[in-house]
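Here is the structure we will look at, set down as C-alpha cells.
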Amino acid sequence: MKTLHRTLWAALFCAVGFAAPAAAQTAAYPSKPITLVIGFTPGGISDVLSRALAARLTAQMGQNVIVENKPGAATTIASQYIANAAPDGYTLYFQDMTSHAIAAAAYKKLKYDSWNDFTMISLVASTPLMLISSLNSGTKDVKSLVALAKAKPDQVAYASSGNGAITHLAGESFKNLTGTNSLHAPYKGSSPATQAVIGGEVVYTFSTMPPAISQMKGGKINGLAVTSAKRSAAAPDVPTLKELGIPLEVVLYSGLMGPKGMPPAIVERLGAEVKKALASPEMKTTLANAGAEDLASSPAEFAALMKVESEKMAKAVTLANVVLD
C-alpha cells in the first residue's frame, strides 16, 4: 500500500511539474515577437488590414507583431507554413476565404487539412470586391464592359490576384453570368492586377477595395461595381452588381488563425485583443477607408461562418470549373 501511495504521489508530482511550466508560459504570453503571416503580396486588403491589426496588437500586448508576406499557389504556401508551425501563439495566420473556403475546393490534394490543422481564433473583417476597368478600354460601366467582351470573344483579358484566388473565382462567375468569354491573366496579388488594368495590359479585374479605391480616386481606373449586397460606404457612387441585374455577390471574410493545438488560454487572450483592436479609432478608420466592416467573433462563430462560406464557395468553384491541380 505504501508503495502504491508513493507511486501515486510521484505521478501527481510529475503531472504538476509538467503543467506548471505550461501554465507559466501561457501567463507570460507574449514574451517575444509574434509573426503574422498572410498569403498575399503587399497592397491588397489582407495586407492593409493585417498591418493595421498588427500595429494595434503590438501597442496592446507590448510585443512586436511582425507581418510576413508569403504569397503564391492560392495561399496554400502560407497555409502549409502555418499548419507546420509550433502551436505556441507566436506564429499566426491572417487568412481569408481564398485560403480555406476556395483552395480546399479547388485543390484535389493538399498537404494539410483545411479544418483540422488550424486553430480558429477570431473573425476580423468583411469587404466586397470592386469591378474596375482600364481608362483606355472605353468601358465606363458594366453594360459597356459586357458589350465589349461579347463583341471580342477570347480577346478581352481580365486580371486576378492569382489562380484560385477569390478575384479569379469572381471573374469566372462574372463570365458565366454575363455570357462572356474573357481570358484570365493571373498576377501575384490584387495590387499587381490593378496595376495591369492601369497600364492597359488587361481590360478589367475584380480588385480588393484598397487599391481599387485609391486608384479610382486618383482617376486612373473606372470603378464599375461592387460585389456586396449593398453599396460600400467607402465608394457610395459605385453601384452593386445586383443593382445592375447581375446576381453576383462576393464578400471577402478575413480572420485570425493559428496552428492546431494552441493553448485555449492563448486563443482566448488573442480573441480579446482582436476585439479590443477592432474597437480602436485607428482600426475603425482603416476599416472605413478600405470599405470593410469589423467582425470580431468567438472561435465557434468563426467556424460556423467558414462552414457556410466553404459550402457556398465549393459550389461556385464547381460552376466556374476552377481546378488547380
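Note that these values count all heavy atoms, side chains included, but never hydrogens, waters or copies made by symmetry.
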Below 4.5 Å, heavy atoms only, C-beta onward: do [X] and [Y] meet side chain to side chain?
| X | Y | answer |
| --- | --- | --- |
| Leu256 | Leu36 | yes |
| Pro192 | Thr41 | yes |
| Pro236 | Arg231 | no |
| Pro210 | Thr208 | yes |
| Leu241 | Phe206 | yes |
| Met262 | Leu270 | yes |
| Val238 | Met216 | yes |
| Tyr187 | Gln195 | no |

For the pair [X] (side chain) and [Y] (backbone), establish whether a donor and an acceptor sit closer than 3.5 Å, ignoring hydrogens and angles.
| X | Y | answer |
| --- | --- | --- |
| Thr139 | Asp141 | no |
| His168 | Asn163 | no |
| Glu309 | Tyr253 | no |
| Glu249 | Lys242 | no |
| Thr76 | Ala73 | yes |
| Ser280 | Lys276 | no |
| Ser134 | Ile198 | no |
| Thr91 | Ala85 | no |
| Thr227 | Val250 | yes |

Classify the side-chain pair [X]/[Y] by whether it contains a donor and acceptor separated by less than 3.5 Å.
| X | Y | value |
| --- | --- | --- |
| Asn289 | Thr286 | no |
| Thr167 | Ser161 | yes |
| Thr98 | Thr75 | no |
| Ser99 | Gln95 | yes |

Atom [atom1] of [X] with >12 non-hydrogen neighbours under 6.0 angstrom:
| X | atom1 | result |
| --- | --- | --- |
| Glu293 | CD | no |
| Lys220 | NZ | no |
| Glu268 | CD | no |

Which distance, rounded to the nearest 0.5 Å, do you find between the [atom1] of [X] and the [atom2] of [Y]?
| X | Y | atom1 | atom2 | result |
| --- | --- | --- | --- | --- |
| Lys275 | Asp294 | NZ | CG | 10.5 Å |
| Ile221 | Met130 | CD1 | CE | 6.5 Å |
| Met257 | Ser122 | CE | OG | 11.0 Å |
| Asn176 | Ile246 | CG | CD1 | 12.0 Å |
| Asn181 | Lys175 | CG | NZ | 5.0 Å |
| Lys70 | Ile82 | NZ | CD1 | 8.5 Å |

Are [X] and [Y] connected in the hydrophobic side-chain network, where two residues link if heavy atoms are under 4.5 Å apart?
| X | Y | answer |
| --- | --- | --- |
| Leu145 | Leu129 | yes |
| Ile38 | Val65 | yes |
| Leu92 | Trp115 | yes |
| Phe40 | Met313 | no |
| Tyr158 | Leu252 | yes |

Give me the atom names and distance for the closest heavy-atom approach of [X] to [Y].
| X | Y | value |
| --- | --- | --- |
| Thr178 | Lys150 | O-CE, 3.0 Å |
| Met120 | Val267 | O-CG1, 4.1 Å |
| Ala193 | Ala159 | CB-CB, 3.8 Å |
| Ile102 | Gly164 | CG2-O, 3.0 Å |
| Ile121 | Gly258 | CD1-N, 4.1 Å |
| Ile166 | Val251 | CD1-O, 4.5 Å |

task: Could you give me the CA-CA distance, side-chain angles and deciding distance for Glu68 and Tyr81, then say whether side chain to side chain donor-acceptor pair (under 3.5 Å) is met?
output: CA-CA 11 Å; Glu68 184 174 345; Tyr81 179 83; 4.7 Å; no
task: Can you spot which of Leu131, Leu135, Ile132 makes a side chain to side chain contact (heavy atoms under 4.5 Å, CB included) with Asn222?
output: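 Exactly one candidate clears the test, Leu135.
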query: Yes or no on side-chain contact (heavy atoms from CB on, under 4.5 Å) for Phe302 and Leu295, after CA distance, side-chain angles and deciding distance?
result: CA-CA 9 Å; Phe302 189 176; Leu295 284 177; over 6 Å; no
message: In this structure, is the centre-to-centre distance between the rings of Tyr90 and Tyr29 below 6.0 Å?
response: yes
In residues 47-57, what donor-acceptor pairs under 3.5 Å come from side-chain atoms, sequence neighbours left out?
from	atom 1	to	atom 2	distance (Å)
Asp47	OD1	Arg51	NE	2.9
Asp47	OD1	Arg51	NH2	3.4
Asp47	OD1	Asn69	ND2	3.1
Asp47	OD2	Gly43	N	3.1
Asp47	OD2	Arg51	NE	3.3
Ser50	OG	Ser46	O	2.8
Ser50	OG	Asp47	O	3.0
Arg51	NH2	Asn69	OD1	2.8

- prompt: Residues two or more places apart in sequence or in another chain: which of them pass salt bridge (charged side-chain N to carboxylate O under 4.0 Å, His left out) with Glu311?
  reply: Lys307
task: Start with the C-alpha gap between Ser182 and Tyr204, add the side-chain angles, then the distance that decides, and say whether side chain to side chain donor-acceptor pair (under 3.5 Å) holds.
output: CA-CA 10 Å; Ser182 301; Tyr204 68 96; 3.1 Å; yes
